[in-house]
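Right, one structure below, let's go through it.
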Amino acid sequence: MSTPLLKNRASLTHKLGYAVRNPARIAPYVKRTARDTWLRLKHPDHVAYYRAVMASDTGRNPEAAVGSRSHERWLALGEMQFDYLVEHGLEPRHRMLDIGCGNLRAGWRFIAHLDAGNYYGIDISPDILIAAKRTLTTYELQHKLPHLTITQDLTLEFLPSAHFDVVHAHSVFSHSPIHVIDECLAHVGRILAPGGFFDFTFDRTEGAEHQVLREDFYYRTETLLRLAGKHGLQARFMEDWETRPHGQSKIRVSNPA
């Protein structure tokens with residue numbers, strides 16, 4: 001068992017210890033806390049709150065808004081996601097739904113790889129989707145006719161049944177309270193094509209489940225496996241993803257054969 005997975009980042013003990021080890025990060029953390037407190041008061045609904053967070057972050061730097069500290073890291077994280085799914089059989093003919101597509105950190109690679117019209121990206125943030133269109137233009141992928149759509153929830157009701165071979169959500173559930181994850185798992189099975197699968201990453205803990213500033217949520221693996229099972233989905237922890245240089249873990253769900 002990895003010791004870091006036992007950390008409760010919401011605890012006062014952890015916060016004080018982190019502050020002692022990283023004094024330069026105290027001021028940015030206080031500033032972020034003040035901003036998030038204001039946004040929580042203004043937007044009690046989680047989707048509205050996180051949409052406001054993304055608007056604030058995207059206004060400063062779209063790549064940082066999706067969790068990349070530098071352009072090089074933005075490229076590396078996108079490549080990591082792309083390589084993993086290609087290794088797991090993603091083909092140009094497949095239809096893919098990218099939940100939380102952001103500014104196309106991985107999406108532009110998927111769009112280039114897939115046949116025209118086969119990429120669907122959705123996000124709750126109109127600001128980040130504007131940045132996504134800039135990325136699409138930068139990489140001259142307009143001819144691939146990707147679908148980029150804003151969404152308010154994860155009921156996926158506007159999408160056709162049994163349509164997608166691959167559904168992908170990278171660093172989405174790490175920012176989602178459990179009822180949002182439950183909503184997605186309740187509906188994703190309907191849109192999966194026969195033999196299709198849904199991969200999602202999450203912040204894993206082996207200690208107490210917790211959240212930090214309503215932006216970062218930490219879940220036990222068995223909680224999410226159980227939730228998928230409740231909706232009749234098969235779910236498994238992806239051990240081979242753990243070898244990648246990424247802080248989150250991955251689960252794959254599919255409809256029973």
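Only heavy atoms go into these numbers, but all of them, side chains included; no hydrogens, no water, no symmetry mates.
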**Study point:** Presence of salt bridge, K230 and D182, under 4.0 angstrom
**Key:**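 A salt bridge links D182 with K230.
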Exercise for review: In plain terms, say whether R204 and E242 are close enough for a salt bridge, that is, a side-chain N and a carboxylate O under 4.0 Å apart.
Suggested key: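 A salt bridge links R204 with E242.
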Answer yes or no: is there a side-chain heavy-atom contact under 4.5 Å between [X] and [Y]?
X	Y	result
L85	H168	yes
F173	F217	no
N103	W108	no
I191	H187	no
F110	L90	yes
Q211	P177	no
D240	K250	no
F164	V166	no

Does one side chain, of [X] or [Y], offer a donor that lies under 3.5 Å from an acceptor on the other?
X	Y	result
H170	H246	yes
S161	R190	yes
T155	D153	yes
Y119	D98	yes

Practice item. Using the side chain to side chain contact (heavy atoms under 4.5 Å, CB included) rule, pick out the option among T149, L129, I99, L104 that qualifies with D123. Key: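 Of all the options given, the one that passes is L129.
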Can you name the closest pair of heavy atoms from [X] and [Y] and give their distance?
X	Y	result
N255	G189	ND2-O, 2.9 Å
A235	V253	CB-CG1, 3.6 Å
L185	H231	O-CB, 3.6 Å
Y219	S176	OH-O, 2.6 Å
M96	L114	CB-CD1, 3.8 Å
I111	P146	CD1-CB, 3.8 Å

Review point. Aromatic ring centroids of H113 and F82 under 6.0 Å?
Key: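 Yes, the ring centres sit under 6.0 Å apart.
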Side-chain donor-acceptor distances from residues 193-200 under 3.5 Å, at least two apart:
{"unit_1": "D199", "atom_1": "OD1", "unit_2": "R252", "atom_2": "NE", "d": "2.6"}
{"unit_1": "D199", "atom_1": "OD2", "unit_2": "R252", "atom_2": "NH2", "d": "2.9"}

**Study point:** Gap separating the CZ atom of R226 from the OG1 atom of T221, nearest 0.5 angstrom
**Key:**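 Between R226 CZ and T221 OG1, I get 11.0 Å after rounding to 0.5 Å.
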**Study point:** Contacts of type salt bridge (Lys or Arg N to Asp or Glu O under 4.0 Å), residue E87, not counting sequence neighbours
**Key:**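 Expected list: R244.
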Exercise for review: Please check if the side chain of H210 supplies one atom and the backbone of A208 the other of a donor-acceptor pair under 3.5 Å.
Suggested key: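 Yes; judged by distance alone, with no hydrogens or angles, the pair exists.
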Check your understanding: For the residue pair W241 and Y84, does the interplanar ring angle fall in the parallel (under 30°), tilted (30 to 60°) or perpendicular (over 60°) class?
Key ->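 The rings of W241 and Y84 stand perpendicular, inter-plane angle above 60°.
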